[in-house]
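First the proteins, then the strands, lettered A, B, ... as listed; each starts at 1. Source: prediction; values computed, not measured.
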2 protein chains.
Amino acid sequence: MMNPTFKSLLNLLKSKGIRLSHHRLKVLEYLTKNFSHPTVEQIYIALHEESPTLSKTTVYNTLNLLVEIGLVRVINIEDNETRYDITIKNHGHFKCESCGKIYDFGIDLDSSPIEELKSFKINYKDVYFKGICPSCLSNIDKTKLKTEE
Amino acid sequence: MMNPTFKSLLNLLKSKGIRLSHHRLKVLEYLTKNFSHPTVEQIYIALHEESPTLSKTTVYNTLNLLVEIGLVRVINIEDNETRYDITIKNHGHFKCESCGKIYDFGIDLDSSPIEELKSFKINYKDVYFKGICPSCLSNIDKTKLKTEE
DNA sequence: TTGCCATATTGTAATGATTACAATTAAATT
DNA sequence: AATTTAATTGTAATCATTACAATATGGCAA
């Protein structure tokens with residue numbers, strides 16, 4: 001039931017000389033199966049059930065490692081809520097201010113480079129939007145029809 | 001020596017029924033004069049010198065208030081480092097991974113709306129880039145010429 | 001397969017940013 | 001100037017994250 005990208009991820013880890021420990025594989029596997037931009041807490045709770053010896057520190061350590069080698073990106077769209085995302089392709093993040101869910105959307109920031117930054121070395125790009133998602137919009141509209149200008 | 005936008009900000013506060021207290025004015029004035037995307041700590045330290053009775057809680061309260069009414073935006077480009085920005089115009093943020101400085105750059109996300117999000121209500125947009133700024137680049141290049149792929 | 005060594009993991013304690021809250025003070029209106 | 005309402009203060013609580021030393025484990029060599 002392995003995600004096709006999972007193997008290639010393992011190879012990348014090996015090539016970097018990173019030990020494929022049980023917990024690391026679990027965290028990585030979780031990220032390849034859950035595109036829900038989970039928090040450390042969510043990952044920890046989910047994996048702790050099947051691997052009761054897993055500590056939260058290890059989740060932090062593993063995620064930090066994966067971010068360092070570029071396999072995982074950090075989503076800091078909101079305070080006190082660091083989220084993680086294994087997707088690599090060009091996309092932005094929309095956070096619903098009502099239900100809290102984070103949606104991916106495609107956006108290409110590379111096609112028209114920013115003139116102002118031509119002498120900057122850009123290693124990382126992200127786009128964050130906030131607002132109300134369609135599902136919450138339909139709920140709100142039916143009751144109040146209030147606009148939050 | 002008042003910044004031209006300062007008065008209009010005050011009017012906006014009044015129109016919202018927000019009391020123009022001494023500390024609030026100080027924080028607002030600081031933000032209109034310092035476009036350096038300061039942290040709470042930086043604002044507190046700077047203002048505490050001239051207003052020793054200012055508490056850090058008040059800085060937090062004031063900033064949260066200004067964010068709520070839309071006068072200030074939060075920059076969460078990095079963990080543990082919430083920054084504040086009074087600029088309203090369309091722009092993104094570049095953070096130098098070497099010196100830590102945050103640069104503004106112009107970017108227009110409104111001219112080509114994201115098709116995927118047409119049924120979303122978008123209240124807020126931001127673009128975060130990370131990398132190395134020209135000043136740090138020239139320092140690094142002279143010594144190592146190493147590329148961080 | 002077994003043993004060894006380097007590294008990963010654990011768990012607790014420390015840190016640091018942010019918030020809660022009750023007492024005090026100040027702003028604005030009469 | 002008095003009054004009322006809201007802002008401010010300062011301490012303590014909370015929460016996410018990290019530091020660190022002790023322990024356990026992965027992967028290589030024999």
In chain order, what residues pass the salt bridge (Lys or Arg N to Asp or Glu O under 4.0 Å) check against [X], with sequence neighbours excluded?
| X | answer |
| --- | --- |
| B:Lys14 | none |
| A:Glu50 | A:Lys26 |
| B:Asp126 | B:Arg73 |

Give me, pair by pair, the N or O atoms of the protein and of nucleotides 27-30 of chain D that are less than 3.5 Å apart, along with how far apart they are.
from	atom 1	to	atom 2	distance (Å)
D:dG27	OP1	A:Leu20	N	3.0

**OP:** Output yes when at least one side-chain N/O atom of B:Arg24 is less than 4.0 Å from OP1 or OP2 of D:dT8, else no.
**Re:** yes
Original post:
Using a cut-off of less than 4.0 Å, is there contact between a side-chain N or O of A:Thr82 and OP1 or OP2 of D:dT17?
Top reply: yes
Original post:
Do any of residues 48-68 of chain B sit with a heavy atom less than 4.0 Å from DNA chain D, and if so which?
Top reply: B:Thr53, B:Leu54, B:Ser55, B:Thr57, B:Thr58, B:Asn61
**OP:** Starting at atom CG of A:Leu25, determine the distance to atom P of D:dG26, rounded to an integer number of angstrom.
**Re:** 10 Å
**OP:** Would you mind reading off the distance between A:His23 atom NE2 and D:dT23 atom P, rounded to a whole angstrom?
**Re:** 17 Å
**OP:** Could you tell me which residues satisfy side-chain contact (heavy atoms from CB on, under 4.5 Å) with A:Thr39, sequence neighbours excluded, listed by chain and number?
**Re:** A:Glu41, A:Gln42, A:Glu81, A:Arg83
Subject >> Contact list for residues 104-114 of chain A, test salt bridge (Lys or Arg N to Asp or Glu O under 4.0 Å), sequence neighbours left out >> reply: A:Asp110-A:Lys125
**OP:** Quick one: list whatever passes ring-ring contact (aromatic ring centres under 6.0 Å, His included) with A:Tyr84, sequence neighbours left out.
**Re:** none
**OP:** Tell me, please, which residues at least two apart from A:His48 pass ring-ring contact (aromatic ring centres under 6.0 Å, His included).
**Re:** A:Tyr44
**OP:** Shoot me the first and last contacting nucleotide of DNA chain C against chain A, ordered 5' to 3', at under 4.0 angstrom to non-hydrogen atoms.
**Re:** C:dA6 to C:dT12
**OP:** Check each of B:Asn34, B:Val27, B:Thr32 against B:Tyr30 using the side chain to side chain contact (heavy atoms under 4.5 Å, CB included) test, and report the only one that passes.
**Re:** B:Asn34
Counting only pairs under 3.5 Å, give me each side-chain donor-acceptor contact of residues 60-69 of chain A, with atom names and distances, residues two or more places apart or in other chains.
from	atom 1	to	atom 2	distance (Å)
A:Asn61	ND2	A:Thr57	O	3.4
A:Thr62	OG1	A:Thr58	O	2.8
A:Asn64	ND2	A:Tyr60	O	3.4

Subject >> Side-chain touch A:Leu28/A:Leu20, heavy atoms, less than 4.5 angstrom >> reply: no
Original post:
Quick check: does any side chain N or O of B:Tyr124 sit under 3.5 Å from a backbone N or O of A:Tyr128, one acting as donor and the other as acceptor?
Top reply: no
**OP:** Answer yes or no: is there a donor N or O on one side and an acceptor on the other, between the side chain of A:Glu116 and the main chain of B:Gly106, under 3.5 Å?
**Re:** yes
**OP:** Decide whether B:Asn123 and A:Glu97 meet the rule of one side-chain donor and one side-chain acceptor closer than 3.5 Å.
**Re:** yes
**OP:** Find the bend of the helix from C:dT1-D:dA30 to C:dT30-D:dA1 as the angle between its two terminal axes (five pairs each), to the nearest 10°.
**Re:** 30°
